[in-house]
Number of protein chains: 2
Amino acid sequence: MTTLPKGFRGDMANGFNPQDAADLASEDQAHIARRQRLLGPGYRLFYKSPVQISRAKGVFLYDKHGNEYLDAYNNVVSLGHAHPRVVAAIRRQLETLCTHTRYMQEPLLDYAEALIGTFGGELGRNGCAMFTCSGSEANDLALRVARYYTGKTGVIVTSEAYHGNSGAVAAISPSLGKKSALDPYLRTVAAPDSYRLPVAEIGRRMAEDVARQIADLERHGGGLAAFIVDSVFSSDGLYTDPTDVLVPVAEVVRKAGGLFIADEVQSGFGRTGTHLWGHARHKVEPDIVTLGKPMGNGYPVAGLVVRPDLVAEFGATMRYFNTFGGNSVAVAAAQAVLDSIRDEGLMENAAKVGGEILDGLRALQKKYEFVGDVRGAGLYFAVELVKDRDRKVPDMDRALAAVNALRDRRILISATGADAHILKIRPPLVFTSANAARLLEGVDAALRAVQV
Amino acid sequence: MTTLPKGFRGDMANGFNPQDAADLASEDQAHIARRQRLLGPGYRLFYKSPVQISRAKGVFLYDKHGNEYLDAYNNVVSLGHAHPRVVAAIRRQLETLCTHTRYMQEPLLDYAEALIGTFGGELGRNGCAMFTCSGSEANDLALRVARYYTGKTGVIVTSEAYHGNSGAVAAISPSLGKKSALDPYLRTVAAPDSYRLPVAEIGRRMAEDVARQIADLERHGGGLAAFIVDSVFSSDGLYTDPTDVLVPVAEVVRKAGGLFIADEVQSGFGRTGTHLWGHARHKVEPDIVTLGKPMGNGYPVAGLVVRPDLVAEFGATMRYFNTFGGNSVAVAAAQAVLDSIRDEGLMENAAKVGGEILDGLRALQKKYEFVGDVRGAGLYFAVELVKDRDRKVPDMDRALAAVNALRDRRILISATGADAHILKIRPPLVFTSANAARLLEGVDAALRAVQV
C-alpha cells in the first residue's frame with residue numbers, strides 16, 4: 001500500500017490519517033485496521049480521533065458507551081435522526097409496495113407535482129421531475145441532458161466546486177484535489193469571496209469571469225453546455241451573501257446558449273431559512289435544478305427538475321431509467337420530508353435559530369482576533385480563521401485544531417474551503433435555541449483552546 | 001414535444017408508446033397524461049396496456065381493484081415483495097441510526113466481511129468492498145478505478161451490453177440505442193450466441209474478437225483499461241451456456257494489461273441457482289466485481305469488491321465518498337438479504353424451481369415451431385422466438401405480442417435482445433413450484449394466442 005506522509009489528508013478537509021492511529025484507544029485502532037482491510041484506502045474517517053456511532057435521535061448521536069454528541073454537521077438527516085414521520089412513512093411503504101417507475105403509481109405523480117409546485121417561474125409552471133438515487137446521479141444526468149440539448153461539451157463551475165462522485169461529475173469537481181483529473185472542457189471561475197472582494201462588484205466580476213471562460217471554451221471547440229453552481233458555494237468556503245451575483249451570470253450563460261444548472265444538494269429543502277431553494281435567494285431562474293442529500297432524510301433519493309423542452313428530444317429518442325430512482329419507498333420518504341418541512345415550520349425554525357447562532361458567532365468574532373469572517377444563512381455557517389486580520393491569510397492548522405477541539409467536547413462540525421481554514425457548521429433543521437446555545441458555548445471554548 | 005411514429009419504443013424492448021394511449025381505459029389515459037406532464041418524456045412504462053400497482057407481497061403484485069399479477073420479472077425484490085426479515089431489519093435500523101461511512105460503525109465492517117467472504121480466489125482472500133447506491137454508480141466507480149490504475153481509456157463490452165445510466169457507463173452501454181452516444185474508446189464484441197454459433201468454438205472466438213479490439217484500441221491510442229461483462233449476457237439475449245467462455249477472454253485481457261470486471265448486477269446473489277455469482281459459473285477470477293439490483297431487496301444499495309492493489313493509489317491520493325452508499329440502513333438491508341438467501345436456501349430453490357421451469361419451457365419449444373431456443377440458469381430464462389427454425393430470423397412482433405398476451409393474463413415478463421424477440425423471464429428467488437406451474441400455463445396460453 002502507498003505510504004503517505006504523516007498528516008496527509010488526501011485533499012480532504014478534516015480527514016483522519018490512518019498513520020495517526022497510534023494515538024488512539026486500542027479498540028479504535030483495531031476497528032480502523034479492520035476497516036482499512038475491508039473497505040480499502042478510498043474511505044476516510046472524520047477527525048483526528050474518529051467517532052464511533054451506535055445510535056442517534058434528533059440532533060444527538062451516541063457511541064456504544066452512551067456518550068452523547070451534538071450533531072451540528074448534518075444536512076442528510078436534515079429533519080433530525082430517526083424522524084418519526086419519515087420512519088413511519090418508509091416502514092408503511094416497505095410493507096405495502098417497493099417497485100420502480102415502469103408501473104403506474106399515483107404517489108409518484110403526487111410527489112412530483114408537490115415538488116415541482118415549490119419552484120417559481122417556468123420550472124414551477126411546466127417543469128418535469130426525474131428521479132435518481134444520489135445527488136451525484138442527479139448532476140450526472142443534468143450534465144447528460146445539457147450536453148445532449150446544446151450539442152456542446154464545456155462546463156463552468158467555481159474553483160473549489162464539488163458536484164459529485166461519478167466519472168462525469170468528479171471531472172467537474174475541482175475540490176476532489178489535484179490527483180482527480182478534470183474534464184478537458186471544464187473551466188473554473190473564482191467563488192464570490194465576500195470577505196476579500198468588493199461586495200458591490202462581485203456579481204459583475206463573476207459574470208465577466210464566466211464570459212472569459214466561455215470565450216476560451218469556444219476557442220477550444222467545446223462551447224458551453226452548462227454553468228453549474230451551488231448557490232451558497234459550500235465547498236468554496238460558503239458565500240451566502242451577497243445574493244445579487246447569479247442573475248448577471250445567468251444572462252451571460254444564456255447569451256452563449258448554455259444552460260444554468262442550480263445544484264441544490266447543499267442549499268435546498270429550506271436550509272437557508274428564507275427560501276426553500278438557494279437559487280431563489282438570488283432571484284435567478286435555473287434551467288435545471290438538481291436535488292439530493294436531505295430529500296429523503298437519509299433514504300437514498302435525489303433527482304432533478306427540468307424545463308420540459310430541454311429533455312424532450314433526450315427523452316424521446318433515448319430514455320431514462322433508474323432502478324431505484326423514484327421507487328415507491330423513495331417517494332414515500334421524500335413526500336414525508338417535504339410535508340414535515342412545511343408542517344413543522346422547519347424553514348422558519350432555520351431562520352430563527354440560525355439567526356441566534358449567527359449573532360453568537362459574530363460576538364465570538366469580536367472576541368477572537370483570528371476569526372476573520374463569519375457568514376451564514378439559515379442553519380449554515382462559515383467561520384473563517386486567519387493568521388491576521390489585515391492580510392487575511394488562511395489558518396488551516398488552527399481551523400482543524402478547532403474542529404477537533406469541538407469533537408473532543410462532543411460537538412460535531414467540519415472544515416471547508418481550498419485551505420480547509422473555514423469552520424463549516426450545518427446542524428439539522430430541527431436545532432433548538434437550547435442546542436444553539438450549547439453549540440455556541442462549545443465553539444467559544446474550542447476557539448479559546450486554540451487561541452494560544 | 002417531439003412527435004414519434006406510432007409504435008416507436010425509443011429503443012426499449014416492451015416500452016409503452018404514449019401515442020397508443022387512446023386504446024386504454026379513461027382512468028389510465030388520465031394517469032398517463034398526468035405522468036407525461038410531471039415526469040416528462042424520458043420515462044417509459046411497460047406493456048401496450050401499462051400496469052397500475054398499489055401493493056405487493058411475495059411474488060404477487062396487486063392493482064387498486066385488487067387484481068393479482070404474478071411477478072415473473074423481478075430481480076430487484078429478488079427475495080419477494082415486502083420480505084418480512086428485510087423490512088424488519090430496515091425498520092429497526094431506521095429507528096436506531098442512519099448515517100454515513102465517515103463514522104466508525106461495526107455493522108458496516110461486518111457486512112463487508114460477510115460479502116467479501118462469498119468470493120473465491122484473491123478477491124475472497126484480500127478483496128475490499130466499496131459501497132454505492134446503484135449498479136450504475138458501481139460500474140461508474142469500477143471504470144474510474146480501472147482507468148486510473150491502468151492509465152488507459154479503452155473499454156470492451158458485448159454488442160448489446162447495458163452497464164448503467166451515468167454519463168460514463170451509458171457511453172459503454174450500446175443497448176441504450178443508436179441515439180445514445182458511445183465513448184470513442186469503446187469497442188464491442190459479439191455476445192456468445194449459443195443458438196447460432198458452434199458451441200465448442202465460442203470461447204475461442206470471443207477471445208479472438210477481444211484481442212482484435214484490443215489491437216484496435218492500441219492503434220487508436222486508448223489502450224485497454226477494462227473488459228466489462230455480465231456473465232449471463234442479459235441484455236444481449238441471455239446466454240447462460242456454455243460456461244467455458246470467459247477464462248480464455250480474461251487471459252487475453254490480462255495479457256494486454258487490462259482489468260476484467262464482472263458486472264453481477266443481473267447474475268449475482270444466487271440468481272443462477274448453482275453459484276452465488278455468475279462469474280463463478282465460468283470459473284473466472286475477476287479483478288473487480290460490481291453489484292447492484294437485488295443487494296438490498298429494493299433498498300438502494302450497490303457496490304463493488306476490488307483487489308486492494310488496484311485501488312491503493314486511487315484511494316490514497318483521492319478518496320471515495322458516497323453520502324448514501326454504505327449508510328447504516330443500506331448495510332442492514334444488505335445484511336438481511338445475504339442472510340436470507342443462505343437461511344432460506346434461495347439459491348437452492350432457484351436451482352430446483354428453475355429446473356422445473358426450464359423443463360416446462362423446453363416442452364413448449366417442442367410444441368411451438370416458432371420457439372427457436374430456450375436458455376436458462378437458476379431463475380433466469382430466455383425463450384427466443386423466430387420466424388422459422390432453419391434461418392433463425394428474430395420475430396420481434398410475435399415476442400412483444402406474447403409478452404403482452406401474458407400481461408393480459410396478469411403474468412409479468414418482458415423481452416430482450418437487440419431485436420427484442422426474446423422472452424425474458426426472471427422471477428423472484430422465492431418462486432414456488434406452484435408459481436412455476438402457473439407461469440408455464442400462462443406462457444403456453446400466450447404462445448398459443450400468438451401462434452396464428
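None of the values given here were measured: they were computed from a predicted structure. Residue numbers start from 1 in every chain, and the chains themselves are labelled A, B, ... in the order their sequence lines are given, proteins ahead of strands.
Within the 4.5 Å cutoff, side-chain heavy atoms of A/Val76 are placed close to those of B/Phe324. At a threshold of 4.5 Å between non-hydrogen side-chain atoms, the residues A/Tyr320 and B/Arg44 do not count as touching. Counting heavy atoms from C-beta on, the side chains of A/Val311 and B/Pro41 come closer than 4.5 Å. The closest side-chain heavy-atom distance from B/Tyr69 to A/Tyr103 is not below 4.5 Å. Residues A/Met104 and B/Phe46 fail the side-chain proximity criterion, which asks for heavy atoms closer than 4.5 Å. Under the 4.5 Å side-chain criterion, counting only non-hydrogen atoms from C-beta, B/Leu45 is not in contact with A/Thr101.
Chosen from A/Pro84, A/Gly135, A/Ser134, the residue pairing most often with chain B at heavy-atom distances under 4.5 Å is A/Ser134. Ranked by heavy-atom pairs shorter than 4.5 Å toward chain B, the options A/Asp71, A/Leu141, A/Leu412, A/Thr323 are led by A/Thr323. Among A/Ala330, A/Ser328, A/Ala129, the residue making the largest number of heavy-atom pairs under 4.5 Å with chain B is A/Ala129. The most heavy-atom pairs under 4.5 Å with chain B, out of A/Leu61, A/Leu109, A/Thr96, come from A/Leu109. For the set A/Asp63, A/Asp140, A/Thr99, the entry with the most heavy-atom pairs within less than 4.5 Å of chain B is A/Asp140. Each of B/Ala168, B/Gly296, B/Gly167 has some count of heavy-atom pairs under 4.5 Å with chain A, and the biggest count is that of B/Gly167. Highest contact tally toward chain B, considering only A/Gly298, A/Ser136, A/Ala88, is held by A/Gly298 [criterion: heavy-atom pairs under 4.5 Å].
A donor and an acceptor atom, one from each side chain of B/Ser166 and A/Glu137, are nowhere located under 3.5 Å apart.
Between A/Lys57 and B/Glu95 there is no salt bridge, since no side-chain nitrogen of the basic residue lies less than 4.0 Å from a carboxylate oxygen of the acidic one. Between B/Arg35 and A/Glu106, none of the side-chain N atoms (NZ, or NE/NH1/NH2) sits under 4.0 Å from a carboxylate O, so this pair counts as no salt bridge.
For a residue to count as touching a neighbouring chain, one of its non-hydrogen atoms must lie under 4.5 Å from one of that chain's; by this rule A/Ile53 touches chain B with backbone and side chain alike. Of the atoms belonging to A/Asn75, not a single heavy atom falls under 4.5 Å from chain B. At a 4.5 Å heavy-atom cutoff, the contact between B/Ala170 and chain A is made by side-chain atoms alone. Residue B/Thr132: no heavy atom, backbone or side chain, is found under 4.5 Å from chain A. Heavy-atom distances place no part of B/Tyr62 under 4.5 Å from chain A, backbone and side chain included. Both the backbone and the side chain of B/Leu38 come within less than 4.5 Å of a heavy atom of chain A. For a residue to count as touching a neighbouring chain, one of its non-hydrogen atoms must lie under 4.5 Å from one of that chain's; by this rule B/His83 does not touch chain A. For B/Asn327, the part lying near chain A is the side chain, with the backbone staying farther off; criterion is any non-hydrogen pair under 4.5 Å. Contacts between B/Ile116 and chain A at a heavy-atom distance below 4.5 Å involve the side chain alone, from C-beta outward. In this structure, chain B has no heavy atom under 4.5 Å from any part of A/Val305. No part of B/Arg147 comes within reach of chain A, as not one of its non-hydrogen atoms sits under 4.5 angstrom from that chain. The part of A/Ser54 that comes within reach of chain B is its backbone (N, CA, C, O), which places non-hydrogen atoms under 4.5 angstrom from that chain. Contacts of B/Val77 with chain A are made by side-chain atoms alone, with heavy-atom separations under 4.5 Å and no backbone atom involved. For B/Val86, no part sits under 4.5 Å from any heavy atom of chain A, backbone or side chain. Of the atoms belonging to A/Tyr299, heavy atoms from both backbone and side chain fall under 4.5 Å from chain B. Looking at A/Asp309, neither its backbone nor its side chain comes within 4.5 Å of chain B, counting heavy atoms on both sides. With a 4.5 Å cut-off on non-hydrogen atoms, A/Leu115 does not touch chain B at all.
Across all non-hydrogen atoms, the minimal contact from B/Ser180 to A/Arg144 is OG-NH2, 4.2 Å. Taking all atoms of both residues into account, the shortest heavy-atom contact from B/Ala56 to A/Leu97 is CB-CD1, 3.6 Å. Taking every heavy atom of both residues into account, A/Phe321 and B/Tyr162 meet most closely at O-OH, 4.2 Å. The nearest pair of heavy atoms linking B/Val87 to A/Leu94 is CG2-O, 3.9 Å. Closest of all the heavy-atom pairs between A/Pro300 and B/Cys133 is CB-SG, 4.3 Å.
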Stepwise, does the side chain to side chain contact (heavy atoms under 4.5 Å, CB included) test hold for B/Arg34 with A/Asp110? CA-CA 10 Å; B/Arg34 185 176 175 226; A/Asp110 294 343; 2.7 Å; yes
After noting the C-alpha distance and the side-chain angles of B/Leu108 and A/Leu39, does the key distance pass the side chain to side chain contact (heavy atoms under 4.5 Å, CB included) rule? CA-CA 9 Å; B/Leu108 169 66; A/Leu39 305 187; 3.8 Å; yes
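Not one N or O on the side chain of B/Arg102 forms a donor-acceptor pair closer than 3.5 Å with the backbone of A/Val51.
A distance of 6.0 Å separates CZ in B/Arg91 from CZ in A/Arg91, rounded to the nearest 0.5 Å. Separating the CZ atom in A/Arg319 from the CG atom in B/Leu176 is a distance of 5.5 Å, to the nearest 0.5 Å.
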